[in-house]
Undergrad: 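After the structure tokens below, expect a handful of questions from me.
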There are 2 protein chains.
Amino acid sequence: MDVVDLGAQWRAYCASRALKSTRQRAVLLDVVLGWSGHFSLDDVFSAAAAEMPAIGYATAYRTLKLFLEAGLIAPIDLGDGVSRYEIVRHEEHHDHIVCVGCGRVVEFVDAHIEELQVEVAHRLGFDLVAHRMDLRGRCRLGEHCPHRSPLGPAGVVQS
Amino acid sequence: MDVVDLGAQWRAYCASRALKSTRQRAVLLDVVLGWSGHFSLDDVFSAAAAEMPAIGYATAYRTLKLFLEAGLIAPIDLGDGVSRYEIVRHEEHHDHIVCVGCGRVVEFVDAHIEELQVEVAHRLGFDLVAHRMDLRGRCRLGEHCPHRSPLGPAGVVQS
DNA sequence: TTAGGTGCAAACGTTTTGCAACTTG
DNA sequence: CAAGTTGCAAAACGTTTGCACCTAA
């Protein structure tokens, strides 16, 4: 499911809930779908405000909540105390590993672990709905590592 | 490492940082070590206040922070927006699965997944320091499930 | 005696809401 | 027109801190 499909998904959600289409929502959708990586409410608001100065924080807040309910975005927790989100891409689910030294975030998927999660859930009497797995590690980039800080996503590592 | 050892660990930490032993800290340590399951700052404060009405919220806050630094407790995130913690038991590390229907939390460990996590981290160039894995599922307790709400921990399920 | 600890109240940053004015369908 | 949406400002929330008064060592 690519960005185009997420747009469709949003339109479907709007229809199902009789939501109106406004310029604000268009701008916000645009910002979110165009975002690569993780974003906070503030991130989204700032970007939207750049394109539409009159937009209000509350609107960004409420719209992000709608995106959440529509399943367009999902909350993630990277350990800092801020609510962050990322676009839900069904074919692109991934987990995170965060370097405790430099804060670098690598996204990855391990098919084997995914399987085992379903299995374990079943064994415990659950039907798995979702999961979140965040690893912490120290990355071995040596002198390149410390404090390279939040850098753009380098893509999801599959395995 | 059982509760007794955690007490020793705390004493060692106090010594190393020249922390004084006060009645407040004793009460708070007691509350935390005696807690079965997950707790919030509020939980701890309330329980401590029951035993020592004059205790201040800030003291609970600051002390919990010390416990955190001392490695006695670890933050966990169960998806509600509240900071929660649990006692660190080195031989009892576990992950969580939360029922999206009733909120029931089951703790578990899967040795195979644990191994794979280390492996994956290495493959990505990290030395694994810690991990957090929270599954969401719908539990199959049928009529017994919905809204049985936060119940006491039923122990860690090993596999 | 003195470094450290406590309780209070206020500051903080973020998230959330009430409301009157304004759009969309 | 009616229902839904917006921006503002303020409330609510959990968390964190400054400070003057205590207390363990």
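For clarity, every value in this text was computed on a predicted model and none was experimentally measured. Residue numbers begin at 1 in each chain, while the letters A, B, ... track the order of the sequences.
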Undergrad: List, with names and distances, any nitrogen or oxygen atoms from the protein found under 3.5 Å away from nitrogen or oxygen atoms belonging to nucleotides 3-11 of chain D.
TA:
{"unit_1": "D/dA3", "atom_1": "N3", "unit_2": "A/Lys20", "atom_2": "NZ", "d": "2.5"}
{"unit_1": "D/dG4", "atom_1": "O4'", "unit_2": "A/Lys20", "atom_2": "NZ", "d": "3.3"}
{"unit_1": "D/dT5", "atom_1": "OP1", "unit_2": "A/Lys20", "atom_2": "N", "d": "2.9"}
{"unit_1": "D/dT5", "atom_1": "OP1", "unit_2": "A/Arg25", "atom_2": "NH1", "d": "2.4"}
{"unit_1": "D/dT5", "atom_1": "OP1", "unit_2": "A/Arg25", "atom_2": "NH2", "d": "3.1"}
{"unit_1": "D/dT5", "atom_1": "O5'", "unit_2": "A/Arg25", "atom_2": "NH2", "d": "3.4"}
{"unit_1": "D/dT6", "atom_1": "OP1", "unit_2": "A/Thr22", "atom_2": "OG1", "d": "2.7"}
{"unit_1": "D/dT6", "atom_1": "O3'", "unit_2": "A/Gln24", "atom_2": "NE2", "d": "2.8"}
{"unit_1": "D/dG7", "atom_1": "OP1", "unit_2": "A/Gln24", "atom_2": "NE2", "d": "3.2"}
{"unit_1": "D/dG7", "atom_1": "OP1", "unit_2": "A/Ala54", "atom_2": "O", "d": "3.2"}
{"unit_1": "D/dG7", "atom_1": "OP2", "unit_2": "A/Gly56", "atom_2": "N", "d": "3.0"}
{"unit_1": "D/dG7", "atom_1": "OP2", "unit_2": "A/Thr59", "atom_2": "OG1", "d": "2.4"}
{"unit_1": "D/dG7", "atom_1": "N7", "unit_2": "A/Arg62", "atom_2": "NH2", "d": "3.1"}
{"unit_1": "D/dG7", "atom_1": "O6", "unit_2": "A/Arg62", "atom_2": "NH2", "d": "3.0"}

Undergrad: Are OP1 or OP2 of C/dT15 and a side-chain N or O of A/Ser83 less than 4.0 angstrom apart?
TA: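 Checking A/Ser83 against C/dT15: at least one side-chain N or O falls below 4.0 Å of OP1 or OP2.
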Undergrad: We want to know whether B/His38 and B/Glu107 form a side-chain donor-acceptor pair, criterion being a heavy-atom distance below 3.5 angstrom.
TA: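 Yes - a donor-acceptor pair under 3.5 Å links their side chains.
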Undergrad: OP1 or OP2 of D/dT16 sitting under 4.0 Å from any side-chain N/O of B/Tyr61?
TA: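 Yes, within the criterion.
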Undergrad: For B/Val88 versus B/Gly71, what's the shortest heavy-atom pair and its separation?
TA: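 For B/Val88 versus B/Gly71, the nearest heavy atoms are CB-O, 3.5 Å.
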Undergrad: Bend across the helix from C/dT1-D/dA25 to C/dG25-D/dC1, to 10°, with axes taken over 5 pairs at each end?
TA: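 For the helix from C/dT1-D/dA25 to C/dG25-D/dC1, the axes at either end differ by 30°.
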Undergrad: Looking only at heavy atoms, which two atoms of B/His131 and B/Asp95 are closest? And how far apart?
TA: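 Closest approach of B/His131 to B/Asp95, heavy atoms only: NE2-OD1, 3.3 Å.
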Undergrad: For A/Asp43, which residues count as a salt bridge (charged side-chain N to carboxylate O under 4.0 Å, His left out) partner, sequence neighbours excluded?
TA: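 Per chain and number, A/Asp43 pairs via salt bridge (charged side-chain N to carboxylate O under 4.0 Å, His left out) with A/Arg84.
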Undergrad: Name all residues meeting the ring pair (Phe, Tyr, Trp, His ring centres under 6.0 Å) criterion together with B/Tyr57; count only those two or more places apart in sequence or in a different chain, and write none if there are none.
TA: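 By the ring pair (Phe, Tyr, Trp, His ring centres under 6.0 Å) rule, B/Tyr57 matches B/Phe45.
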Undergrad: Suppose we screen for salt bridge (charged side-chain N to carboxylate O under 4.0 Å, His left out). Which residues come up paired with A/Asp42, at least two apart in sequence or across chains?
TA: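 Residues passing salt bridge (charged side-chain N to carboxylate O under 4.0 Å, His left out) with A/Asp42: none at all.
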Undergrad: Is the backbone of B/Ile55 close enough, under 3.5 Å, to the side chain of B/Thr59 for a donor and an acceptor to pair up by distance?
TA: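 Such a contact is absent between B/Thr59 side chain and B/Ile55 backbone.
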Undergrad: Rounded to whole angstroms, how far apart are CG on B/Asp42 and C1' on D/dA12?
TA: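 Interatomic distance, CG of B/Asp42 to C1' of D/dA12: 14 Å.
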Undergrad: Mind listing the side-chain donor-acceptor pairs of residues 16-26 of chain B below 3.5 Å, one per line with the distance, residues two or more places apart or on another chain?
TA:
{"unit_1": "B/Ser16", "atom_1": "OG", "unit_2": "B/Tyr13", "atom_2": "O", "d": "2.8"}
{"unit_1": "B/Arg17", "atom_1": "NH1", "unit_2": "B/Tyr13", "atom_2": "OH", "d": "2.7"}
{"unit_1": "B/Arg17", "atom_1": "NH1", "unit_2": "B/Glu69", "atom_2": "OE1", "d": "3.3"}
{"unit_1": "B/Thr22", "atom_1": "OG1", "unit_2": "B/Arg25", "atom_2": "N", "d": "3.2"}
{"unit_1": "B/Arg25", "atom_1": "NH1", "unit_2": "B/Lys20", "atom_2": "O", "d": "2.8"}

Undergrad: Measure from CG on B/Leu29 to C1' on C/dG5 and round the result to the nearest Å.
TA: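 The distance from CG of B/Leu29 to C1' of C/dG5 comes to 16 Å, rounded to the nearest Å.
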Undergrad: Calculate the interatomic distance between B/Phe67 atom CZ and C/dG5 atom P; express it in whole Å.
TA: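 Checked: the CZ to P distance equals 13 Å.
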